[in-house]
Asks: 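Sharing a structure, written as structure tokens. Questions coming.
Remember, it's 1-based here, ligands and their atoms both numbered in the order they're listed. In this chain, residues are counted from 1 in sequence order.
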Amino acid sequence: MDESAKQLSRLIENFAAALAEYAVTRHAEIDPDLPERYGRGWRSSWVGDVKARLSYLAQAIAVRQPSLFLDNLRWTRTAFAAREVATEDLRNSLVALREVLEAELPESASRVALPYVVEALDHLEQASSRPPTHLDGSAPRAELLLRYLEAVLEGRREDAVRTVLEAAEKGASVRELYEQVLQPAQAEIGRMWHLGEISIADEHFATATAAMTMSRLRAHFPEPPPSNRRMIAAAVGGDLHEIGVRMVADFFEMEGWSVYCIGANVPVEDLVQTVRERRAHLLALSAGTSLHLRTVGEAIGAVRADPACDGVRILVGGAAFAAVPDAWKELGADGYAGSASQAVALAERLLSGR
Ligand code: B12
């Protein structure tokens, strides 16, 4: 990662609370009706929102991808629209933020940061704001996916789990059930949450059901081929998404690898220590949102800096990379894969030097 981009990214994050306060004050000057329209708590909710936006800006700067900030703005616009918040309010908030960054950041910093905000402002209203569904009637196992999702959304956990287990008993492979049922079901849950169609509680219920289904599918893992490869799978510190990283780990396990999956939210020091102690051939690092991209880069830097970790290959993945699949290069990884099955294929290729 570029050192000056990393420093600016940290600077913005460290001052996000103060910058957000200034930006909200300025927003209310631009639009004096704002407090009245949003009522009690208007200030704290806008400050929270702008603070989050600054964190996304900081991440976009860390990986030097303005499109990432624009992607977050579009994401916010969609979430706002679903909750009847006018895009005009988002635009004014962004205009206020631009002015505050210009006034408060040192000149050398605002020269880098401002184009990100200006580009986002220029393109905010372009492109459809409604994310497409992940349910594709012509996809393999579409009907099973629907039955599983319906049971989850109706709160029938055991029915949901059984639906998938029965398919496994009838011969469906665990790999297919992971990638054709559980993953799109979770993605659809995320889309529905984004659009305000389901609550956080519904998402938590769905995620726990997916985790439970995965655990029960272990009984259906195929006999693995022999392998002497070792891998570690983890999601970086601060990232709470754990299903993806577990899924990746399980795919490697099914290929016979010796797998040490340490799940979500792993601090950098523990990651380095684990790679060192386990003499892993591969480290699979996951990030569920773009809020954790810089940490991915820092974790990779720390592993690379430890001579005892020499030779370990590092793959990155997770929903954070959906909008910036090339960011792995800036972060210093050896590669990126968009799915667990692609991760296995890429790892085999990297380790056999092909
Ligand atoms: C469940 C969930 C949560 C749960 C996670 C709980 C848990 N125990 O895991 C909770 C509630 C904590 C959560 C919180 C947040 N979430 Co969330 N979450 C999800 C959701 C709905 C499902 C995640 C999941 O289980 N996916 C299923 C797995 C199998 O898919 P996957 O992770 O993509 O993994 C596959 C591939 O990506 C790949 N892969 C994954 N890791 C790796 C690693 C390597 C090395 C490789 C090669 C491949 C690879 O292989 C996997 C299998 O094929 C997603 C929606 C989605 N599209 O995924 C949103 C989603 C990821 N979350 C999102 C957001 C915004 C957030 C929050 C910021 C919300 C907020 N404002 O608070 C917070 C961040 C919290 C934090 N600090 O991490 C956004 C991210 C947008 C973005 N691009 O940044 C998403 C996409 C929702 C959406 N549609 O907007 N979330």
Asks: Does the side chain of Gln273 come under 3.5 Å of the side chain of Glu277 through a donor N or O and an acceptor N or O?
Replies: yes
Asks: Using the ring centroid of each side chain, check whether Tyr116 and Phe69 are separated by less than 6.0 Å.
Replies: no
Asks: By number and element, which atoms of ligand 1 are closer than 4.0 Å to a non-hydrogen atom of Ala343?
Replies: 47 (C)
Asks: Out of Gly288, Gly318, Gly238, who is nearest to atom 76 (C) of ligand 1 when you count heavy atoms only?
Replies: Gly238
Asks: For ligand 1, which atoms have a heavy atom of Gly338 less than 4.0 angstrom away?
Replies: 36 (C), 37 (O), 38 (C)
Asks: To the nearest 0.1 Å, how far is atom 20 (C) of ligand 1 from its closest protein heavy atom, and which atom is that?
Replies: Gln186 O, 4.2 Å
Asks: Please work out, at 4.0 Å between heavy atoms, whether the side chain, the backbone, both, or neither of Leu285 comes within that distance of ligand 1.
Replies: backbone
Asks: Side-chain donor-acceptor pair under 3.5 Å between Arg156 and Thr163, yes or no?
Replies: no
Asks: Does NZ or CZ of Arg230 come closer than 6.0 Å to the centre of the six-membered ring of Tyr260, within 45° of the ring's axis?
Replies: no
Asks: Quick check: does Leu240 get an N/O under 3.5 Å from an N/O on ligand 1?
Replies: yes
Asks: I'd like the name of whichever of Val248, Val316, Ile189 reaches closest to atom 47 (C) of ligand 1 through any heavy atom.
Replies: Val316
Asks: Considering the heavy atoms of Ser339, write down every atom of ligand 1 situated less than 4.0 Å from one of them.
Replies: 38 (C), 50 (O), 53 (O)
Asks: Answer yes or no: does atom CZ of Phe80 have more than 12 heavy-atom neighbours from other residues, nucleotides or ligands under 6.0 Å?
Replies: yes
Asks: List every atom of ligand 1 that sits less than 4.0 Å from any heavy atom of Ala337, numbering the atoms from 1 in the order shown and giving each element.
Replies: 46 (C), 47 (C), 48 (C)
Asks: Identify, by atom number and element, the atoms of ligand 1 in contact range of Gly317, meaning under 4.0 Å from any of its heavy atoms.
Replies: 41 (N), 42 (C), 43 (C), 44 (C), 45 (C), 46 (C), 48 (C), 49 (C)
Asks: Would you call Arg218 and Asp250 a salt bridge, using N to O less than 4.0 angstrom?
Replies: yes
Asks: What about His241: any of its N or O atoms under 3.5 Å from an N or O on ligand 1?
Replies: yes
Asks: Ala284 heavy atoms, cut-off 4.0 Å: which ligand 1 atoms fall inside?
Replies: 45 (C)
Asks: Could you name the option among Ser286, Pro184, Ser290, Ala340 that has the heavy atom nearest to atom 41 (N) of ligand 1?
Replies: Ser286
Asks: Check Tyr56 against ligand 1 and report side chain, backbone, both or neither, counting heavy atoms closer than 4.0 Å.
Replies: side chain
Asks: What part of Met247 sits under 4.0 Å from ligand 1 if we count only heavy atoms: the side chain, the backbone, both or neither?
Replies: side chain
Asks: Check each atom of ligand 1 against the heavy atoms of Ala187 and keep those under 4.0 Å away; list them by number with element.
Replies: 56 (C), 57 (N)
Asks: Identify, for atom 83 (N) of ligand 1, the protein heavy atom at the shortest distance, and state residue, atom and that distance.
Replies: Ala319 O, 3.8 Å
Asks: State the atoms of ligand 1, each with its element, that fall below the 4.0 Å cut-off from a heavy-atom position in Trp75.
Replies: 65 (C), 88 (C), 90 (O)
Asks: Distance only, no hydrogens: is a donor on one side chain within 3.5 Å (strictly under) of an acceptor on the other, for Glu21 and Thr25?
Replies: no
Asks: For atom 9 (O) of ligand 1, which candidate among Gln59, His292, Glu179, Glu242 provides the closest heavy atom?
Replies: Glu242
Asks: Just heavy atoms, cut-off under 4.0 Å: does Tyr336 contact ligand 1 by side chain, backbone, both, or neither?
Replies: neither
Asks: Heavy atom to atom 64 (C) of ligand 1, shortest distance: which of Ile200, Thr289, Val344, Val296 holds it?
Replies: Thr289
Asks: If we only count N/O pairs under 3.5 Å, is Glu203 in contact with ligand 1?
Replies: no
